[in-house]
There are 2 protein chains.
Amino acid sequence: MAEQSGPSTQQIVEKVWLSIAERRLRPGVQLKEEQLATIFSVSRARIRQALAVLERDGLVTIIPNRGAFVSKPSVDEARDVFFVRRTVERCVVERLCKSVSKTDLKRLREHVAKERIANSQDVTSEIIKLSGGFHLLLAETAGSDFLFTTMRDLIARSSLITAVYRNTNRFNCGPDEHAEIVDAIAANDADKATRLMAHHLEHVESELDLTEIRDLSHDLRAALA
Amino acid sequence: MAEQSGPSTQQIVEKVWLSIAERRLRPGVQLKEEQLATIFSVSRARIRQALAVLERDGLVTIIPNRGAFVSKPSVDEARDVFFVRRTVERCVVERLCKSVSKTDLKRLREHVAKERIANSQDVTSEIIKLSGGFHLLLAETAGSDFLFTTMRDLIARSSLITAVYRNTNRFNCGPDEHAEIVDAIAANDADKATRLMAHHLEHVESELDLTEIRDLSHDLRAALA
DNA sequence: TCGTTTCATATTGTTGACAATCTTGCAATC
DNA sequence: GATTGCAAGATTGTCAACAATATGAAACGA
């Protein structure tokens, strides 16, 4: 008769992941167990399981006896994430060029269309959500579970990185570059598609300020932690 | 006064990972909580956290109210893992060709030497341990944390795959192929190194029987689970 | 003999209470 | 006024007991 079991550990992980990916959870924010427990209507034990998973995934940093905090990626980590994205997304795109179907293309184009709308209406939260979602949709469509899981991880980390190091006001993923990539995939032009993707990722990374030492004056405590 | 705290969640995960990677934990084996709790001298709560992490990593499958079992990769998953390995390890090798140091090379060569010894002495457990360790050492030396973490995951899954689908009696990673790869890296010959790595992975994969339907007669129950 | 039911046991899943640790606000001191 | 010390509260970490579920064996009936 145990019905009120609430969301599973993995579902909680997924929800926290989404909040991070959509930048509604900022780096450094503390995730208090009881707080999460009441939000998800589950016991603290399950929350602790979810936090252990999130720590392993690098999205949350647990300081013993202090609590769990949304991770603040270092400059090195940031560079690393984009380095890996270049490889992984290139692989995704190559695979798509080989095996993409009509329905896949339709879904991709619909997604880009949504991005366009969100962009023109300037709904920040939607823009963030959809631009991350595009890269994830590519990975999903490519049909490799492992690649998809990896991209999920990379996207969330990219969100954290952008939250910390973004330099410009513009948002990173413009729908135009996404559209071009889809077009190249549609034409089965792997060379062009990978080139566009590489360029796109460079573009995103270039809007980050990864050269400077992070601002410490504001945030001394967390920086030293 | 809390001294007897025992290994942390992540350390337990690491130990289970190692047991899987070294094939001392076979696919399908049940991991009972109390059993693990006594082995690691920790409470069940911490074991459950570790199991949640391992489930997320795909090394363990949790069936509600039934328990946690070491995962049995499907044929599709197996293909997927090797597909991703081709991309990731190519990336690792390319990076190494650019940035390898003398000390790095020394460590790699020492590792291959150990593999040779284990092989000549025919110590199965050592052979398995070291041949997985070689690929991991490559990733570690490449200097990308994310790549290393990903490879850790891939190696463990490869062990499970090999345990289920290995066809031949020989062991998969011969030290000779490893040695050739190290030589190509030492020569900064990225083309050759990536070619050798690709060939090596194909070789390993070719010793698996991924075309046949898995043998069910022996193991019907777990197969249907 | 085979299949079904029942019951004891084992295992998982949950909960609440407690101890250890950290944070915060306040007062005392220099 | 700034710093230190202390105490109250909040938070994490741990544990053991309990409930829910599955397993396996014995009893029963066809």
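Here is how names work: the chains are called A, B, and so on, in the same order as the sequence lines, proteins then strands, and each is numbered from 1.
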Tell me the interatomic distance from [X], atom [atom1], to [N], atom [atom2], rounded to whole angstroms.
{"X": "Gln49(A)", "N": "dT12(C)", "atom1": "CD", "atom2": "C1'", "answer": "11 Å"}
{"X": "Arg48(B)", "N": "dC15(D)", "atom1": "CZ", "atom2": "P", "answer": "16 Å"}
{"X": "Arg44(A)", "N": "dT14(C)", "atom1": "CZ", "atom2": "C1'", "answer": "13 Å"}
{"X": "Ile47(A)", "N": "dT12(D)", "atom1": "CD1", "atom2": "P", "answer": "11 Å"}
{"X": "Ile62(B)", "N": "dT12(C)", "atom1": "CD1", "atom2": "P", "answer": "10 Å"}
{"X": "Arg46(A)", "N": "dG13(C)", "atom1": "CZ", "atom2": "P", "answer": "9 Å"}

Interface polar pairs with nucleotides 8-11 of chain C, N/O, under 3.5 angstrom:
unit_1	atom_1	unit_2	atom_2	d
dT11(C)	OP1	Lys32(B)	NZ	3.1

request  = May I ask you to evaluate whether Ser43(A) reaches the phosphate of dT14(C), defined as a side-chain N or O under 4.0 Å from OP1 or OP2?
outcome  = no

task = Would you list the pairs meeting ring-ring contact (aromatic ring centres under 6.0 Å, His included) in which at least one residue belongs to residues 128-160 of chain B, sequence neighbours left out?
result = Phe134(B)-His178(B), His135(B)-His178(B), His135(B)-His200(B)

inquiry  = Under the ring-ring contact (aromatic ring centres under 6.0 Å, His included) definition, can you give me all pairs with a residue in residues 62-96 of chain A, not counting sequence neighbours?
reply    = none

message = By the salt bridge (charged side-chain N to carboxylate O under 4.0 Å, His left out) test, which pairs, at least two apart or in different chains, include something from residues 8-19 of chain B?
response =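 Sorted result for residues 8-19 of chain B: Arg56(A)-Glu14(B), Glu14(B)-Arg152(B).
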
message = Holding to side-chain hydrogen bond (donor to acceptor under 3.5 Å, both in side chains), I want the full list of residues that pass it with Glu55(A), two or more places apart in sequence or in another chain.
response =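 Only Gln10(B) meet the side-chain hydrogen bond (donor to acceptor under 3.5 Å, both in side chains) criterion with Glu55(A).
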
ask   = Mind checking what makes side-chain hydrogen bond (donor to acceptor under 3.5 Å, both in side chains) contact with Asp104(B), not counting sequence neighbours?
value = Ser101(B)

task = Decide whether Arg95(B) and Ser144(B) meet the rule of one side-chain donor and one side-chain acceptor closer than 3.5 Å.
result = no

ask   = What is the nucleic acid contact for Ala45(A), judged by heavy atoms within less than 4.0 Å: base, sugar-phosphate only, or nothing?
value =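 Base, at least one base heavy atom under 4.0 Å.
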
